[in-house]
Number of protein chains: 2
Amino acid sequence: MKERRRVTIRDVADAAGVSVATVSRVMSGSLTVNPEMAERVRRATQELEYRPNGAAQGLASGMHRSVGVVLPDLSNPYFHGIIKATNVGAARDGYRMLVTEWQEPGEELGVCLDVLSRVDGLMVLSARMETDSLRDLAARGVPTVLVNRVELGVDLPMVAVDNFSPMLELCQHLASLGHRRVVYLAGSPGAWQNRERWKAVQQARILGLEPVMVASDATIEAGYEATDEALGHDPTALIAFNDLAALGAIARLRELGLRTPEDVSVTGFDDVALARYADPALTTIVSPKAALGEQAWLMLEASLRGERPEQPPLLSATFVQRASTGPAKGSRA
Amino acid sequence: MKERRRVTIRDVADAAGVSVATVSRVMSGSLTVNPEMAERVRRATQELEYRPNGAAQGLASGMHRSVGVVLPDLSNPYFHGIIKATNVGAARDGYRMLVTEWQEPGEELGVCLDVLSRVDGLMVLSARMETDSLRDLAARGVPTVLVNRVELGVDLPMVAVDNFSPMLELCQHLASLGHRRVVYLAGSPGAWQNRERWKAVQQARILGLEPVMVASDATIEAGYEATDEALGHDPTALIAFNDLAALGAIARLRELGLRTPEDVSVTGFDDVALARYADPALTTIVSPKAALGEQAWLMLEASLRGERPEQPPLLSATFVQRASTGPAKGSRA
DNA sequence: GCCAATCCGGGAAACGGTTTCTCGCCGAGA
DNA sequence: TCTCGGCGAGAAACCGTTTCCCGGATTGGC
């Protein structure tokens with residue numbers, strides 16, 4: 001296991017018979033260099049298998065050509081759809097994406113700042129991250145974009161999906177099936193998305209719904225566990241915060257001998273890959289994950305260039321009816 | 001958005017009235033420094049909110065205190081279980097974990113090497129990464145551990161789960177239910193895990209099984225799509241490469257009006273969170289994800305310290321019967 | 001009481017690049 | 001022919017840390 005010394009820019013310069021400055025210029029694609037020389041340099045680069053040291057580049061230039069993504073839960077497939085799109089955008093523009101799962105509130109800012117010495121900007125998908133921390137980030141001038149949370153008091157570009165309208169549409173669907181007593185399986189209490197969805201559900205009183213909120217979370221397990229309490233309110237439909245919770249709820253209902261949707265209808269939100277393949281296929285809301293991730297990257301990239309990205313409107317999500325909703329039990333619908 | 005200059009170690013040194021060398025020593029917890037001085041330094045650090053520049057540290061020390069994880073598919077929840085455990089291990093030991101999704105064969109080595117200027121070691125979860133690339137990594141002396149692939153010609157520490165035994169057990173279970181004509185929905189052709197599982201299935205001829213292999217992949221969609229071809233062999237059971245493929249297959253069967261397990265039994269592998277909550281709950285193999293991730297970290301950490309990690313035995317996985325398997329249709333079992 | 005051994009902290013040289021500054025050269029205009 | 005301008009390439013400064021080396025002070029032994 002011989003400890004081969006790393007090939008440095010100086011080695012390339014020597015091999016090509018030029019100065020290190022010239023090699024640097026060639027590497028960065030500067031046009032102010034003699035083509036013949038550039039060719040010599042490129043050849044030397046190849047032969048020596050030279051790879052610039054990222055740390056050194058970052059130190060010298062102050063740019064790391066990478067961005068950090070902080071999200072609350074790696075195992076939620078919803079986020080994959082988003083960061084996948086972000087990743088292709090970043091790669092296209094020569095950036096690397098570092099994903100950090102972060103869950104505990106409290107140390108969030110530390111984590112972000114910590115990662116910041118290796119990163120040029122941040123994409124925050126964490127619903128729970130404290131507003132003060134975000135404000136701090138904004139005050140420090142860290143290029144940051146907020147995804148799926150709208151914070152009025154924070155001067156940061158944000159991009160989010162419209163939660164309210166499609167959720168209202170979903171409620172209308174339920175109402176038209178004769179549902180009245182419905183339970184909303186809540187997501188994270190402080191989260192913007194949770195507030196929006198609950199707001200829509202409450203709004204749906206006007207359609208005849210009588211919604212009750214039951215604490216839960218954005219995971220299968222949470223949905224599973226919240227179901228028993230939800231059933232205490234004798235609902236004909238469960239409106240879960242997201243698809244995972246809906247899947248968990250359906251599993252619990254089945255365990256209890258209740259059929260979906262014959263006995264209880266269940267809805268999700270997000271449209272993760274599984275939603276379509278589950279049994280019953282989930283009635284849910286198709287969130288434009290790819291568009292969201294792409295848009296988030298575009299805005300982050302603008303921030304990195306020092307531009308102030310234009311604030312886009314809410315992205316629209318569409319309601320889709322599948323098999324997990326049906327006529328309310330006992331209604332004449 | 002005032003461009004506050006970053007506070008450097010020199011600022012701290014000035015504020016505390018000591019040299020930068022001393023500040024560096026205090027930061028690294030060296031004991032050879034006067035406690036009173038150390039206290040002054042610490043206070044200055046606090047007041048100025050000093051955060052060491054990671055890039056500079058990496059450059060100067062040659063250590064980045066971070067490791068790269070390269071995996072083929074972020075959206076496969078199986079990997080979450082693994083890297084979650086790795087992450088807590090890494091965090092405990094003061095390391096950061098960078099996840100890189102990488103799919104296309106060919107450029108793999110480049111990607112790894114590229115990330116290597118910011119990382120001290122690598123954890124490879126990609127089944128498809130070419131053996132030559134791995135050999136190259138080993139030759140360069142890059143601390144690397146291979147997860148879930150056993151490569152005889154590569155001098156690299158590896159940790160993997162026993163695929164063969166539990167898969168054989170699973171086959172035995174099917175055989176005892178009277179199944180004979182079974183189709184194996186294959187994973188990635190070159191993958192070690194795929195070879196092992198298929199080997200076990202073939203071995204099960206001795207139990208009376210008559211297995212056929214059908215090309216598929218480790219995703220829901222692939223399982224869904226391979227099902228039609230699989231049915232061409234008129235099987236009584238489908239042995240999917242993993243849980244996701246199994247879920248996809250079940251969805252397709254349902255679409256075709258076939259019930260699981262009454263008409264066709266289906267099995268998975270991995271035991272992702274969903275397996276238990278699916279309908280029917282998946283008969284599968286519980287892979288020790290947390291133990292695998294933890295063990296992988298331990299080995300990587302040893303490699304980073306320059307030690308040669310002891311090669312552990314295969315981790316054992318356990319067969320678990322749930323509701324997706326039943327007596328073979330038309331058998332008298 | 002003197003000299004050597006020890007210890008602690010500061011200065012300065014890396015680390016591997018980027019970027020600015022400067023200088024030489026060449027062509028064009030007067 | 002002389003000068004000025006522009007351009008291309010090299011020298012050197014710099015990015016923020018770590019670490020080696022060395023000097024000064026303190027301590028201990030004889």
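These numbers come from the heavy atoms of this one structure, side chains and all, not from hydrogens, waters or symmetry mates. Here is the naming used below: chain letters follow the sequence lines, and residue numbers restart at 1 for every chain.
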Separation of atom NE2 in B:H64 from atom P in D:dG16, rounded to whole Å: 17 Å
Value rounded to 0.5 Å, distance of CE in B:M158 from CG in B:L314: 10.5 Å
A:V161 backbone acceptor or donor facing A:N148 side chain under 3.5 Å: yes
Phosphate OP1/OP2 of C:dG17 contacted by A:Q57 side-chain N/O (<4.0 Å): no
Value in whole Å for how far the P atom of D:dA9 lies from CG of A:D14: 17 Å
Heavy-atom neighbours of B:E49 CD exceed 12 at 6.0 Å: no
Stretch residues 16-33 of chain A: residues that reach within less than 4.0 Å of DNA chain C through a heavy atom: A:A21, A:S24, A:R25
The helix from C:dG1-D:dC30 to C:dA30-D:dT1: angle between end helix axes, five pairs per end, rounded to 10 degrees: 50°
Closest to side chain of B:I9, choosing from D:dT17, C:dG9, C:dG16: D:dT17
Check: A:R40 side chain, A:A16 main-chain N or O, donor-acceptor pair, under 3.5 Å: yes
Listed partners of A:F79 passing ring-ring contact (aromatic ring centres under 6.0 Å, His included), at least two apart: none
Whole-Å gap separating P (C:dG17) and CG (A:N53): 6 Å
Interatomic distance where CZ belongs to A:R6 and P belongs to C:dG16 [whole Å]: 8 Å
A:L59 side chain, from C-beta outward: closest of C:dG16, C:dT18, D:dT17: C:dG16
A:S30 vs A:T32, side chain to side chain donor-acceptor pair (under 3.5 Å): CA-CA, chis, key distance, verdict: CA-CA 6 Å; A:S30 166; A:T32 72; 3.2 Å; yes
Interatomic distance where CE belongs to A:M63 and C1' belongs to C:dT19 [whole Å]: 15 Å
Point-to-point distance, once rounded to the nearest 0.5 Å, from CG of B:D120 to NE2 of B:H64: 6.5 Å
B:Q46, CD: over 12 other non-hydrogen atoms inside 6.0 angstrom: no
Partners meeting side-chain hydrogen bond (donor to acceptor under 3.5 Å, both in side chains) with A:R305 (sequence neighbours left out): A:E301, A:E307
Rounded distance (nearest 0.5 Å) linking atom CD1 of B:I82 with atom CG of B:N87: 13.5 Å
Non-neighbouring partners of A:Y50 that pass ring-ring contact (aromatic ring centres under 6.0 Å, His included), sequence neighbours left out: none
Atom pairs under 3.5 Å: protein N/O with N/O of nucleotides 22-24 of chain D:
none

Separation of C:dA12 C1' from B:R10 CZ (nearest whole Å): 11 Å
Candidates D:dA9, D:dT19, C:dG16 - which lies nearest the side chain of A:A56: C:dG16
Interatomic distance where CD belongs to A:E39 and P belongs to D:dA9 [whole Å]: 14 Å
SB check B:D136 B:R140 (cutoff 4.0 Å): yes
Closest to side chain of B:A60, choosing from C:dG17, D:dT18, C:dG9: D:dT18
Length of the CE-P vector between A:M37 and D:dC7, whole Å: 18 Å
